[in-house]
Colleague: 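Quick one: this structure, given as structure tokens, is what I'll be asking you about.
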Amino acid sequence: PKEARTRRMISPGGQFNAEWLNKQFKVMNWNILADLYTNEAQYPYCEKWALSWSWRKHLILKELKSMTADIITLQEVQKDAFEEWFRPELA
């Protein structure tokens with residue numbers, strides 16, 4: 001494969017401080033499994049209480065915080081769950 005070309009970095013002030021390029025950061029991605037997708041027909045092998053959002057949201061949050069990621073991306077998260085639960089808890 002062809003290697004990506006190196007680009008000269010500039011900032012609005014004219015000079016670019018590249019110190020941050022040498023720093024490491026942790027990125028994680030998590031599929032929340034939106035509450036609207038949790039039903040017994042889809043997951044017949046799972047206990048009903050284990051699918052409930054009121055149970056899962058605490059465990060998911062604990063796991064997200066334990067990873068100490070600098071950047072977290074979430075999949076299948078409903079807007080209300082993000083606004084009412086994840087945003088305030090992860091801010």
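Reckoned from all heavy atoms, side chains included, excluding hydrogens, waters and symmetry mates.
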Colleague: Does the side chain of Ile60 reach to within under 4.5 Å of the side chain of Ile32, using non-hydrogen atoms?
Modeller: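 They are in contact (side-chain heavy atoms under 4.5 Å apart), so the answer is yes.
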Colleague: Would you name the heavy atoms of Ala81 and Trp53 that are closest together and state the gap between them?
Modeller: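 In terms of heavy atoms, the two residues are closest at CB-CZ2, 3.7 Å.
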Colleague: Is the closest basic N to carboxylate O distance between Glu89 and Lys65 below 4.0 Å?
Modeller: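 Between Lys65 and Glu89 there is a salt bridge, with a charged N closer than 4.0 Å to a carboxylate O.
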Colleague: Is it the case that the ring center of His58 lies less than 6.0 angstrom away from the ring center of Trp85?
Modeller: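 Here the rings of His58 and Trp85 have centres that are less than 6.0 Å from each other.
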Colleague: Can you tell me how far CG of Asp80 sits from CZ of Phe86, rounded to the nearest 0.5 angstrom?
Modeller: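 That separation rounds to 10.5 Å.
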Colleague: Do Leu33 and Leu64 land in one hydrophobic cluster if side-chain heavy atoms of ILVMFWY residues count as linked below 4.5 Å?
Modeller: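 As far as the 4.5 Å side-chain criterion goes, Leu64 and Leu33 are not connected within one cluster.
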Colleague: Once rounded to the nearest 0.5 Å, what's the spacing between atom CG of Leu90 and atom CG of Leu61?
Modeller: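 One finds 5.5 Å between CG of Leu90 and CG of Leu61.
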Colleague: Atom CD of Gln78 and atom CD of Glu83: how far apart are they, to the nearest 0.5 Å?
Modeller: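 Rounded to the nearest 0.5 Å, the CD-CD separation comes to 12.5 Å.
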Colleague: Output yes when a side-chain donor or acceptor of Gln42 lies under 3.5 Å from a complementary backbone atom of Tyr37, and no otherwise.
Modeller: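 No, the answer is negative, given that no donor and acceptor are paired below the 3.5 Å cut-off.
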Colleague: Is there side-chain contact between Asn29 and Ile72, with heavy atoms separated by less than 4.5 Å?
Modeller: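 Side chain of Asn29 against side chain of Ile72, heavy atoms only: no contact under 4.5 Å found.
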Colleague: Is there a path of hydrophobic side-chain contacts, each under 4.5 Å between heavy atoms of I, L, V, M, F, W or Y residues, that connects Leu59 with Trp49?
Modeller: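 Per the 4.5 Å side-chain linkage, Leu59 and Trp49 are co-clustered.
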Colleague: On a heavy-atom basis, which atom in Thr38 and which in Arg56 lie closest, and how many Å separate them?
Modeller: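 Closest approach of Thr38 to Arg56: CG2-NH2, 3.7 Å.
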Colleague: Are any non-hydrogen side-chain atoms of Thr73 and Met28 less than 4.5 angstrom apart?
Modeller: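 Thr73 does not reach Met28 side chain to side chain.
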Colleague: Mind listing the closest non-hydrogen atom pair of Met67 and Lys26 along with its distance?
Modeller: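 Closest heavy-atom pair between Met67 and Lys26: O-NZ, 2.7 Å.
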